[in-house]
Amino acid sequence: MGEAPTFIPQDLQNGTCNGFELKSGTFETDTIVGNKKYVIGGTYGETFSVKDQILDNNGLGEWVDLIQLGTKPISCNGHSAVLLKDRILILKKNAKPDDCIWFLEVDTPYVRQQKKILGIDVVAWSNGVIGNAEKPVVISGPSGVGKGTLISMLMTEFPSMFGFSVSHTTRAARGMEKDGVHYHFTEKNVMEKEIKDGKFLEFASVHGNLYGTSVEAVEMVSDAGKRCILDIDVQGARSVRASSLEAMFIFICPPSMEELEKRLRDRGTETEEQVLKRLRNAQAEIEQGKSSGIFDHILYNGKLEECYENLKKLLGLDGYVTPPKSAPKKMNLPRDHSVSKIDDKIIIGCISSGLEKESKNLIMLDVSSLKGGAPGRTRGLDFQVIDSFSDGFNGNEPF
Ligand SMILES: Nc1ncnc2c1ncn2[C@@H]1O[C@H](COP(=O)(O)OP(=O)(O)OP(=O)(O)O)[C@@H](O)[C@H]1O
Ligand SMILES: Nc1nc2c(ncn2[C@@H]2O[C@H](COP(=O)(O)O)[C@@H](O)[C@H]2O)c(=O)[nH]1
């Protein structure tokens, strides 16, 4: 992290962006985006509400019907709203570190796409996360090609670096498979309801069963500071490609159909009928894997060790030495603070009083490198705390 710049708190642009209290426990902020006004309201303990109005020349206008996508945050003791390029940053006062930063996306590519699909005004909530997660790795390929084998080699060699996205499936567990470890084994009607509720990043019907990656499965791995690995079929990879999640896509190809058949039969986990179904589907998957443009890389899994070495090269891991891990940073927002914006920095002035003295500090929240995580998460935030400002301060102490 570089040195903090010199600035004088009184010079901050845009004034404060705090909400105002309508009645005890109810707060509202108005944010103007182009010709629209977004009114974001929060009543203590209830989910946030959003209204928008198309403004005329007199600053008045029609209220518009609006759909809020994603999980709505629960309101605390007031909030601040700051307009960024295509989204509104919401800072919740006195909230826990992992709940204090939220974004209301008003014109992101995802929101624009949803507006087109739904034909109605749409906004989307996402939770802000400090720090970056490395791009997840999507591994696809026909059944029996060796995806699971390669992934478990990677997780055994680099246990602190990678985490597996545990999918949901409606198929029955195999002998050694454990619920919650290999898959979340679930009922079809339960999974269908969760899909409707928007809990899944992607899902597909594969070889006659339903499979899917929940948003939570990916986010749990990223939250643990690990690079997430997804083992999913080509339809699933296509859906992830179209989602807000930036990932690396690798397709694993068998050396021949005969060898694929041998591996599937030798594994001995499927009935004859299922083996035949998987082999039929493999033809189409290999064609799509090679030609669809979904995948960044294709690896041939002939000799296992060779393929594994090639996979490590793609992931930048040949000759890799694991560095020590630092604890993730957490931001604490006190109840009393003011918020201003200078370019890509949100300046939060905090005043907290202890028994003996009042302490003042500034938090500089950097929003220059925001990145979509799985839907509902915005990653790439960074911050620094500068202690005890008065009139001017040359802060150089990273927090
Ligand atoms: N390069 C290889 N050479 C020979 N056998 C292999 C190779 N890679 C994997 N295998 C074996 O092939 C079988 C299938 O591998 P694996 O279960 O990893 O496939 P998969 O792609 O994960 O299949 P599925 O999609 O059905 O889960 C296993 O028995 C595994 O030990
Ligand atoms: N689209 C998705 N495909 C998935 C997911 N989890 C696994 N899979 C794929 O299903 C087949 C069969 O797996 P098996 O364990 O029954 O042998 C295989 O190609 C997997 O990659 C998922 O969440 N979504």
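All ligand and atom numbering here is 1-based and tracks the order in the structure.
Backbone and side-chain nitrogen or oxygen atoms of Asn301 are examined, and one is located within less than 3.5 angstrom of a nitrogen or oxygen of ligand 1. For ligand 1, the polar-atom distance check finds an N/O of Gly302 within less than 3.5 Å of one of the ligand's N/O atoms. For ligand 1, the polar-atom distance check against Lys303 finds no nitrogen or oxygen pair separated by under 3.5 Å.
Across Pro255, Gly144, Gly141, Ser140, heavy-atom proximity to atom 23 (O) of ligand 1 is greatest for Gly144. The residue among Thr149, Ile232, Ile252 with a heavy atom at the shortest distance from atom 31 (O) of ligand 1 is Thr149.
Relative to the ring axis of Phe383, Lys329 places its NZ or CZ within 45° and under 6.0 Å from the centre.
When hydrogens are left out, the protein atom nearest atom 5 (N) of ligand 1 is Arg263 NE, 3.6 Å; that is the closest non-hydrogen contact.
Here Cys307 has no heavy atoms under 4.0 Å from ligand 1, in either its backbone or its side chain.
Applying salt bridge (charged side-chain N to carboxylate O under 4.0 Å, His left out) to Glu270 and the options Arg171, Arg265, Arg174 leaves one that passes, Arg174.
Listed by chain and number, residues touching ligand 2 at under 4.0 Å (heavy atoms only) are Gly141, Lys147, Ser167, Arg171, Arg174, Tyr183, Glu202, Ala204, Val206, His207, Tyr211, Gly212, Thr213, Asp231, Ile232, Asp233, Gly236, Arg267, Arg278.
For Ile32, the side chain to side chain contact (heavy atoms under 4.5 Å, CB included) partners two or more places apart in sequence, or in a different chain, are Lys37, Leu55. For Arg379, the salt bridge (Lys or Arg N to Asp or Glu O under 4.0 Å) partners at least two apart in sequence or on another chain are Glu219, Asp223.
Legend: ring-ring contact (aromatic ring centres under 6.0 Å, His included) pairs involving residues 134-153, not counting sequence neighbours: none detected.
At most 12 non-hydrogen atoms from other residues, nucleotides or ligands lie less than 6.0 angstrom from CZ of Phe203.
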